[in-house]
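First up is the structure itself, then whatever we jot down about it.
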Amino acid sequence: MVTRINGFSGMDIDSMVKSLMTVKRAPLDKLNQQKQVLDWTRDSYREINSKIVQLTNKLQQMNLSAATNTQKSTVSGNTTAVRAEANADASPVKMNVEVEKLAKKANMQSQNGLTFGGVTATLTTTLGQIAGGTTPSKYELHINNTSLELNQEDSLSTVVASINSKIPTVTASFDEISGKLTITSKEGGKNIALTDKDGSVQSSTLSSLLGLVNNGPEAGLVTITTDSGEKKEFKPDGDSLVVNGVKLTFLETNVGSPSKITTESDPTKAMDTIKSFVDTYNELLGLMNSKISEQKYRDYTPLTAEQKKEMTEDDVKNWEEKAKSGLLKNDSILSTAVASMRSIISGNLGILSEAGITTGQYYEKGKLQVDEDKLKSALTSNPDRILSAFRGTSSDSKNPTIFSGVRTELNSVLDMLVKKVGTSKQDTDATMTLKTESIMGEQLKQYNKRISSLEQKMTDWETRYYKQFAAMEKAMSQMQSQSSSLTSLLQ
């Protein structure tokens, strides 16, 4: 490394080298500015991508009938025995529900309480302690085509946790009062099969050790009577049953004290869903329209490090705001997204107008407006007609339903963003890590490569200048010495 000092000449070599390097650094500064513009552009795309994913996720949930259900069931009389939830196709028939017996799911339970040392076992008791004496080192359990293996050092707490995490069709628990381990089927009406991963019936050493006895399911008994006097008995396998479009969940028996179920139209949930869609749609549409039409200030390029040193913090902030403006002006991907979203809405404007939803003035660029009173009235008087425009599938390719149609179009936009920017179709985080396997990712790699190469050249140039000035200083020093010698000879 060259020693950088001011020599006998009195010249400010550092300043001279800096001036020379300023000219040399111009191509490097330009590359860094181009890279900065690319980074800012990717950030803008990433913000758009996160908003699109948020809307597509909402649309997926909104497209389910439960999100736009206009029926509501209420329970009176005995309100603790039965819970009622109306489906979209629920009938207004009033029902009186008596639960005579709750269904019991299949289970495997220790026939006798487990003990260790003459006392009831606890969650910390190990399998080896329960077995006593000589024990196998491994225990196996085969349930519903799933197998797991446990060690004799494993505690009952580990046994319960292993069953719950590895066998998805059952739930295990241990009662420290009775000392019994219970494995219960998650689905009513089905026996617990003692089968391994191949579906073969297998004996289980763990089942034998814990004295598990297989108990089959027991159906419940429920009597439902309508206001017209019609009565029918049901024997549900589980804790719930759907009758007349109402999901009834049975919590306790209530013989002699029936639960009364009443179903009526209630547009609240559907209104909330539609209003939420409009708000999110408008937010995304407004963001994309603002990016497309944003003014571009071509004279405001990204600042270099040297330029920032000479400016205040506020000046830098204001400058960069203008430098970032217009990066997505007239962007083809965003223009396509806006056009496709507005096309779906335009195809359903007739029925949307009936529901009090309009597109407003031309300068609002397609934003939706909702007349809540008109929407509520439409959902109350003819919910099926209004909701048919929003949810479900449509055989009319020219006028697809709004939720599924907008989601399909936005998924296509996400595909384009993933390919160009390296974003994600699932991540809603605006700071998500961008994939390098993308068009802009490859551009960034090339910028980094070229910048690295130029930076090395800058170092080489700077070193060369200092060496040249050092040589000049040495020559001038020698000349000064020779001059002094000659002068002394002439005196």
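Note that these values count all heavy atoms, side chains included, but never hydrogens, waters or copies made by symmetry. Remember, predicted model here, so these are calculated numbers, not experimental data.
Cation-pi geometry between Lys322 and Tyr297 is met: under 6.0 angstrom from the ring centre, within 45 degrees of the axis.
Considering only heavy atoms from C-beta on, Glu354 stays 4.5 Å or farther from Asn382 through its side chain.
The number of heavy-atom neighbours closer than 6.0 Å to OH of Tyr300, taken from other residues, nucleotides and ligands shown, is 12 or below. Dense packing is recorded around NZ of Lys101, with more than 12 heavy atoms of other residues, nucleotides or ligands lying under 6.0 Å away.
Under a 3.5 Å cut-off, the side chain of Trp319 and the backbone N or O of Thr301 do form a donor-acceptor pair. Put simply, the side chain of Asp154 gets close to the backbone of Asn151: a donor and an acceptor are under 3.5 Å apart.
Residues satisfying the side chain to side chain contact (heavy atoms under 4.5 Å, CB included) criterion with Ser381, sequence neighbours excluded, are absent altogether. Scanning for side chain to side chain contact (heavy atoms under 4.5 Å, CB included) contacts around Thr41 gives Val37, Tyr45, Leu327, Leu328, Met440, with sequence neighbours left out. Residues satisfying the side chain to side chain donor-acceptor pair (under 3.5 Å) test with Gln36, not counting sequence neighbours, are none. Residues passing the side chain to side chain contact (heavy atoms under 4.5 Å, CB included) test with Glu437 are Lys435, sequence neighbours excluded.
The minimum heavy-atom distance linking Ile192 with Asn107 is given by the pair CD1-CA, 3.7 Å. Closest of all the heavy-atom pairs between Lys94 and Asp227 is CD-OD2, 3.2 Å.
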**Report entry** Evaluation steps, side chain to side chain donor-acceptor pair (under 3.5 Å), between Asp315 and Thr312
**Finding:** CA-CA 5 Å; Asp315 287 340; Thr312 66; 3.0 Å; yes

Query raised in the report: Step by step, would you call Met416 with Thr336 a side chain to side chain contact (heavy atoms under 4.5 Å, CB included)?
Result: CA-CA 10 Å; Met416 289 188 280; Thr336 298; 4.2 Å; yes

Report task. Would you sort out whether Lys376 and Asp373 count as a salt bridge (Lys or Arg N to Asp or Glu O under 4.0 Å), showing the intermediate values? Result -> CA-CA 5 Å; Lys376 182 177 181 179; Asp373 291 337; over 6 Å; no

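Between the side chains of Ser228 and Thr226, at least one donor-acceptor pair of N or O atoms lies under 3.5 Å. There is no side-chain donor-acceptor pair under 3.5 Å between Thr428 and Asn57. For the 3.5 Å distance criterion, the side chains of Thr223 and Glu100 qualify, holding a donor opposite an acceptor. A side-chain donor-acceptor contact under 3.5 Å links Thr124 and Thr122. A donor and an acceptor atom, one from each side chain of Ser204 and Glu140, are nowhere located under 3.5 Å apart. With hydrogens and angles left out, the side-chain atoms of Ser73 and Thr263 include a donor and acceptor closer than 3.5 Å.
Electrostatic pairing of Glu320 and Lys308 counts as a salt bridge here, judged by a charged N lying under 4.0 Å from a carboxylate O.
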Tabulate below the donor-acceptor pairs under 3.5 Å that side-chain atoms of residues 276-284 make, not counting sequence neighbours, or state none.
residue	atom	partner	partner atom	Å
Ser276	OG	Lys58	NZ	3.3
Thr280	OG1	Lys58	NZ	2.8
Thr280	OG1	Ser276	O	2.9
Asn282	OD1	Leu368	N	2.7
Asn282	ND2	Val278	O	3.4
Asn282	ND2	Leu368	O	2.8
Glu283	OE2	Lys51	NZ	3.0

What side-chain donor-acceptor pairs closer than 3.5 Å can you find for residues 159-173, not counting sequence neighbours?
residue	atom	partner	partner atom	Å
Ser162	OG	Thr158	O	2.8
Asn164	OD1	Ala172	N	2.6
Asn164	ND2	Val160	O	3.3
Asn164	ND2	Ala172	O	3.3
Ser165	OG	Ala161	O	3.0
Ser165	OG	Ser162	O	3.2
Thr169	OG1	Asn144	ND2	2.8

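The distance from the NZ atom of Lys420 to the CG atom of Asp331 is 5.0 Å, given to the nearest 0.5 Å. Distance check: Phe390 CZ to Ile274 CD1 gives 4.0 Å after rounding to the nearest 0.5 Å. With rounding to the nearest 0.5 angstrom, the CG atom of Leu417 is 11.0 Å from the OG atom of Ser424.
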